[in-house]
Amino acid sequence: MKRFIKKLLPPQVVELYHLALAYGGALWYRLPSKKLFVIGITGTKGKSTTSELVAAVLKEAGYPVAVASTIHFTIGEKTEPNLFKMTMPGRAYLQKFMREAADAGCTHAVIEMTSEGARQWRHKGILLDALVFTNLQPEHIESHGSLENYARAKLLLAQSLADSPKRPRIIAANVDDAYGAKFLETPVEIRAPFSLSDADPYNVSDTEVRFLYKPARPNSGKDELFTVPLPGLFNLRNILGVLALGEAMHIPLATMKRALENITPIAGRAERIERGQNFSVIVDYAHTPDSLKALIEAYIQPFDASRNNSTKNRRIICILGSTGGGRDQWKRPLMGKIADELCDSVYLTNEDPYDEDPQKIVAAIAAGFTTQTPHTILDRREAIRAALKEAQAFSENPTLRQTQGDSNVVVLITGKGTDPYIMGPSGSKQAWSDKKVAEEELNNLLEQ
């Protein structure tokens with residue numbers, strides 16, 4: 001009903017409605033962002049991981065921290081999962097969150113910020129001290145109308161930083177990304193670019209990243225060797241963004257090193273599920289072509305020091321659902337193509353069909369396959385069960401290992417991460433946890 005009413009109203013009225021909620025909430029909760037050092041994190045990928053890493057660094061530096069992300073809402077030691085199915089909830093929720101954080105004694109707030117949230121003006125009334133830009137890849141194209149509009153919505157967050165009365169303001173941006181330079185044009189006091197060139201040499205594997213960091217700030221100390229227990233090149237980029245921000249905030253490199261090297265696994269982000277099985281099971285949020293490719297490559301074969309030589313030595317089994325119903329339909333065959341080229345076995349299943357026919361969604365993904373025929377099992381639990389059974393059969397069968405030439409098996413459960421529901425037609429939803437289901441199915445499998 002709400003969507004129907006919004007369609008009847010002129011866009012200007014809808015915009016005023018969102019602005020009224022944003023500014024009204026800020027006033028109602030007495031401008032809580034004035035009491036906090038507020039760090040926004042934006043980009044297509046890596047926002048949640050970067051938020052967690054920034055929070056860890058701030059805690060190690062002695063600051064009481066609040067975090068609002070796709071994963072959870074945390075104030076000090078108090079945490080509750082994000083059950084909204086959105087990163088930036090509306091109706092002044094973030095203003096209420098920041099007020100509670102300030103009242104609880106937090107000095108810093110880390111807030112994951114999205115293009116959808118910016119488009120509905122949910123960032124208004126949040127006075128930023130800093131913004132980290134991770135990257136920009138095609139996503140939400142049907143919602144925004146074009147990649148340019150999507151980028152423009154992201155840049156609204158940079159403009160919000162420019163409009164902030166706080167001083168000094170900090171922008172940290174990934175200059176390996178084509179849009180990084182745009183973010184660094186933001187008129188603020190401190191610009192902190194970061195790039196893979198800041199970590200040379202580096203090695204990445206499916207369990208850690210190792211790199212020599214070259215501090216950008218004069219007199220900030222000698223080069224430091226980091227070993228961070230997070231997998232993949234994508235996490236190295238996230239880490240570099242955190243280090244750039246931390247340097248700009250004058251946090252000692254030794255403090256950041258301690259925080260990052262002791263980081264605990266991040267829920268739903270390349271998260272390992274262990275139940276004593278003799279193969280790897282990973283739960284991840286990858287839901288764009290680029291993030292899916294980066295995830296799979298992290299588990300196929302670690303890069304060597306020269307970063308230009310890798311050979312496949314693992315069997316990759318992927319569970320793939322692509323996008324939610326009615327959204328970003330363009331990327332479905334592309335994600336199928338990536339899985340077809342990089343994975344040995346693929347299970348297509350439900351993710352969030354909403355009001356779209358699930359068969360139509362998986363058929364669009366399957367259209368990207370040319371070298372193998374994916375398994376189609378719409379029931380997500382059954383798909384996970386089947387993938388785990390295949391992994392067990394392969395890892396326990398010496399004949400298969402010899403025939404295929406692989407000795408390691410990895411099951412990648414992609415697309416949902418910590419999403420708490422599978423969204424169905426007419427607003428229906430099924431409580432869900434990829435991690436919990438994987439654990440349950442592993443337990444059942446190992447008991448047989």
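It should be emphasised that the depicted structure is a prediction, and the values quoted were computed from it without experimental measurement. Side chains are part of it too, since the values below use all heavy atoms of this structure and drop only hydrogens, waters and symmetry mates.
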Carefully, step by step, assess F73 and I75 under the rule side chain to side chain contact (heavy atoms under 4.5 Å, CB included).
CA-CA 7 Å; F73 301 105; I75 296 176; over 6 Å; no
Under 3.5 Å: donor-acceptor pair, side chain of [X], backbone of [Y]:
X: D223; Y: L212; result: no
X: N82; Y: I71; result: no
X: K416; Y: Y421; result: yes
X: D176; Y: L196; result: yes
X: S51; Y: K47; result: yes

So, for [X] and [Y], which heavy atoms are closest and what is the spacing to 0.1 Å?
X: T134; Y: G43; value: OG1-CA, 3.3 Å
X: F97; Y: A66; value: CZ-CB, 3.7 Å
X: R169; Y: L161; value: CD-O, 3.3 Å
X: A438; Y: V281; value: CB-CG1, 4.5 Å
X: A383; Y: I319; value: O-CD1, 4.1 Å
X: C318; Y: C343; value: CB-SG, 3.5 Å

Test item: [X] and [Y] side chains (from C-beta on) under 4.5 Å apart, heavy atoms:
X: V283; Y: I273; result: yes
X: K154; Y: K182; result: no
X: E247; Y: I190; result: no
X: D177; Y: F183; result: no
X: K214; Y: D198; result: no
X: F226; Y: L236; result: no
X: V346; Y: D340; result: no
X: V57; Y: M249; result: no

F211 vs Y213 aromatic rings, parallel, tilted or perpendicular, using cut-offs 30° and 60°?
perpendicular
Anything under 30° is parallel, anything over 60° is perpendicular, the rest tilted; go ahead and classify F84 against Y93.
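F84 and Y93: perpendicular rings.
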Which of these, V132, T49, L53, sits in a side-chain contact (heavy atoms from CB on, under 4.5 Å) with V242?
L53
Check this for me: K59, atom NZ, are more than 12 non-hydrogen atoms of other residues, nucleotides or ligands nearer than 6.0 Å?
yes
Is the number of heavy atoms from other residues, nucleotides or ligands within 6.0 Å of NZ (K166) greater than 12?
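Check passes, neighbour count above 12.
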Quick one: do [X] and [Y] make a salt bridge, cutoff under 4.0 Å?
X: K436; Y: E439; result: no
X: E148; Y: R152; result: no
X: D206; Y: R272; result: yes

Measure the spacing between CG of L94 and CD1 of I126 and express it to the nearest 0.5 Å.
5.0 Å
What's the verdict on side chain to side chain contact (heavy atoms under 4.5 Å, CB included) for D284 and L412, showing C-alpha distance, side-chain angles and the deciding distance?
CA-CA 7 Å; D284 190 77; L412 300 177; over 6 Å; no
Are a donor atom and an acceptor atom from the side chains of E341 and T371 found within less than 3.5 Å of each other?
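Short answer, no.
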Pair D419, D352 - check side chain to side chain contact (heavy atoms under 4.5 Å, CB included), show working.
CA-CA 10 Å; D419 269 6; D352 289 306; 3.9 Å; yes
Please enumerate all residues that pass side-chain hydrogen bond (donor to acceptor under 3.5 Å, both in side chains) together with S428, with sequence neighbours excluded.
none
Using side-chain hydrogen bond (donor to acceptor under 3.5 Å, both in side chains), reason through Y150 and T44 one step at a time and then give a plain yes or no.
CA-CA 10 Å; Y150 173 51; T44 305; 2.9 Å; yes
Start with the C-alpha gap between D328 and H287, add the side-chain angles, then the distance that decides, and say whether side chain to side chain contact (heavy atoms under 4.5 Å, CB included) holds.
CA-CA 10 Å; D328 285 338; H287 62 285; over 6 Å; no
Indicate every side-chain donor-acceptor pair of residues 252-260 with a distance under 3.5 Å to a residue at least two apart or in another chain.
residue, atom, partner, partner atom, Å
K257, NZ, L225, O, 2.3
K257, NZ, E261, OE2, 2.9
R258, NE, E60, OE2, 2.9

